[in-house]
S.K.: 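Before we start, here is the structure in question, set down as structure tokens.
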Amino acid sequence: MQMNPTYDDLLGEVHAYLSNAIQLGLSKGIGQMMVDPGIGFGKTQRQNLHLINELSSLKTLGYPIVIGVSRKSFIGNILGVSVENRIEGSLAAGVVAVLKGANILRVHDVKETKRAATIADAIFRTGVE
């Protein structure tokens, strides 16, 4: 899956895949679902970054978006750090994901991520006076 991943239309193909998965779930009687674009699975670093940046495009599927960016290899590659030293990158990626439309974050560092997301959400939700 990780070897030379190629997409003709990354966003379109991920959207179509998730849409098909939703239809399959509905046909099997599953009513409550979440969608996960699969950051780190069969995607290059650039594709992962693009997916996070365009996460809001998955809102049209009508289901909550769950995303796992915590300690992913793209963070280590960008920062040049080992997995145990990726907290700042994980927090930044998680905050951006929330601001781009993620409803749920799968994380390793729960307390730190919750605090970062709470501050980002407070700033984002505060309107201009």
Side-chain angles (χ1 to χ4, degrees):
M1 179 188 298
Q2 302 293 349
M3 303 291 287
N4 195 25
T6 60
Y7 296 87
D8 292 324
D9 173 13
L10 176 67
L11 293 173
E13 290 177 45
V14 169
H15 193 282
Y17 176 85
L18 293 172
S19 181
N20 289 336
I22 289 167
Q23 292 309 311
L24 177 63
L26 291 172
S27 75
K28 301 292 183 183
I30 300 170
Q32 291 186 331
M33 293 181 264
M34 298 178 281
V35 295
D36 183 339
I39 299 297
F41 294 95
K43 295 165 192 77
T44 66
Q45 177 175 308
R46 185 175 180 89
Q47 291 166 340
N48 286 318
L49 296 173
H50 184 61
L51 261 179
I52 295 166
N53 196 37
E54 299 296 332
L55 202 57
S56 63
S57 69
L58 299 180
K59 287 291 192 185
T60 61
L61 293 167
Y63 289 89
I65 299 170
V66 60
I67 192 164
V69 292
S70 182
R71 301 185 191 177
K72 294 286 183 163
S73 61
F74 78 87
I75 294 168
N77 292 338
I78 292 169
L79 297 178
V81 296
S82 62
V83 69
E84 59 274 356
N85 292 305
R86 296 179 185 169
I87 188 165
E88 297 93 341
S90 296
L91 294 175
V95 165
V96 170
V98 167
L99 295 177
K100 292 291 187 170
N103 302 94
I104 300 164
L105 298 175
R106 287 190 338 261
V107 301
H108 295 92
D109 305 291
V110 176
K111 178 180 75 173
E112 296 85 353
T113 304
K114 182 179 187 311
R115 287 178 176 174
T118 298
I119 294 300
D121 187 59
I123 293 167
F124 184 72
R125 304 264 178 250
T126 301
V128 176
E129 293 184 27

S.K.: Counting N and O atoms only, with roles assigned by atom type, does the side chain of Ser90 sit under 3.5 Å from a partner on the main chain of Arg71, one being a donor and the other an acceptor?
M.R.: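 Such a contact is found between Ser90 side chain and Arg71 backbone.
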S.K.: As an exercise, state the distance from CD of Glu13 to OG1 of Thr6, rounded to the nearest 0.5 Å.
M.R.: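 Going from the CD atom of Glu13 to the OG1 atom of Thr6 covers 8.0 Å.
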S.K.: Val66, Phe41: one ILVMFWY side-chain cluster at the under-4.5 Å cut-off?
M.R.: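 No, no single cluster joins them.
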S.K.: Rounded to the nearest 0.5 Å, how far apart are NZ of Lys59 and NZ of Lys100?
M.R.: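 Between Lys59 NZ and Lys100 NZ, I get 13.0 Å after rounding to 0.5 Å.
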S.K.: May I have the step-by-step check of side-chain contact (heavy atoms from CB on, under 4.5 Å) for Lys43 and Tyr7, ending in yes or no?
M.R.: CA-CA 9 Å; Lys43 295 165 192 77; Tyr7 296 87; 3.7 Å; yes
S.K.: Does atom NZ of Lys114 have more than 12 heavy-atom neighbours from other groups under 6.0 Å away?
M.R.: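 Open: at most 12 neighbouring heavy atoms sit under 6.0 Å from NZ of Lys114.
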S.K.: What do you reckon, is CD of Gln32 surrounded by more than 12 foreign heavy atoms closer than 6.0 Å?
M.R.: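 Not more than 12 within 6.0 Å, no.
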S.K.: Quick one: do Ile65 and Val95 end up in the same hydrophobic cluster if we chain Ile, Leu, Val, Met, Phe, Trp and Tyr together by side-chain heavy atoms under 4.5 Å apart?
M.R.: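 Different hydrophobic clusters.
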S.K.: Hey, does the side chain of Asn48 reach the backbone of Gly40 with a donor-acceptor pair shorter than 3.5 angstrom?
M.R.: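 It does hold such a pair.
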S.K.: Drop me the distance from Asn103's CG to Ile67's CD1, to the nearest 0.5 angstrom.
M.R.: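 Here the interatomic distance stands at 11.0 Å.
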S.K.: Are Val81 and Val83 co-members of a hydrophobic cluster defined by side-chain heavy atoms under 4.5 Å apart?
M.R.: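 Hydrophobic grouping puts Val83 apart from Val81.
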S.K.: Walk me through it: do Val107 and Val110 pass the test side-chain contact (heavy atoms from CB on, under 4.5 Å)?
M.R.: CA-CA 6 Å; Val107 301; Val110 176; 3.9 Å; yes
S.K.: Could you grab the distance from atom CZ of Arg86 to atom CD1 of Ile78, nearest 0.5 Å is fine?
M.R.: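 Atom-to-atom, Arg86:CZ and Ile78:CD1 are 10.5 Å apart.
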S.K.: Should Ile52 and Leu79 be regarded as members of a common hydrophobic cluster, given that ILVMFWY residues are connected when their side-chain heavy atoms come within less than 4.5 Å of each other, either directly or indirectly?
M.R.: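 Per the 4.5 Å side-chain linkage, Ile52 and Leu79 are co-clustered.
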S.K.: Donor-acceptor pairs are to be reported for all side-chain atoms of residues 15-26 against protein atoms at under 3.5 Å, with residues two or more places apart or in another chain.
M.R.:
| unit_1 | atom_1 | unit_2 | atom_2 | d |
| --- | --- | --- | --- | --- |
| His15 | NE2 | Thr60 | OG1 | 2.8 |
| Asn20 | ND2 | Ala16 | O | 3.3 |

S.K.: Roughly how far apart are Arg106 CZ and Ile39 CD1, rounded to 0.5 Å?
M.R.: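 So the CZ of Arg106 and the CD1 of Ile39 are separated by 9.5 Å.
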S.K.: Going hydrophobic residue to hydrophobic residue with side-chain gaps under 4.5 angstrom, can you get from Val69 over to Leu55?
M.R.: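 Yes: a chain of side-chain contacts under 4.5 Å links Val69 to Leu55.
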S.K.: Can you find a heavy atom in the side chain of Pro37 that is under 4.5 Å from one in the side chain of Leu58?
M.R.: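 Side chain of Pro37 against side chain of Leu58, heavy atoms only: contact under 4.5 Å found.
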S.K.: For Ala93 versus Phe74, what's the shortest heavy-atom pair and its separation?
M.R.: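 So the two residues come closest at CB-CZ, 4.3 Å.
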S.K.: To the nearest 0.5 Å, what is the distance between CD (Glu88) and CD1 (Ile75)?
M.R.: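 Separation between the atoms: 10.5 Å.
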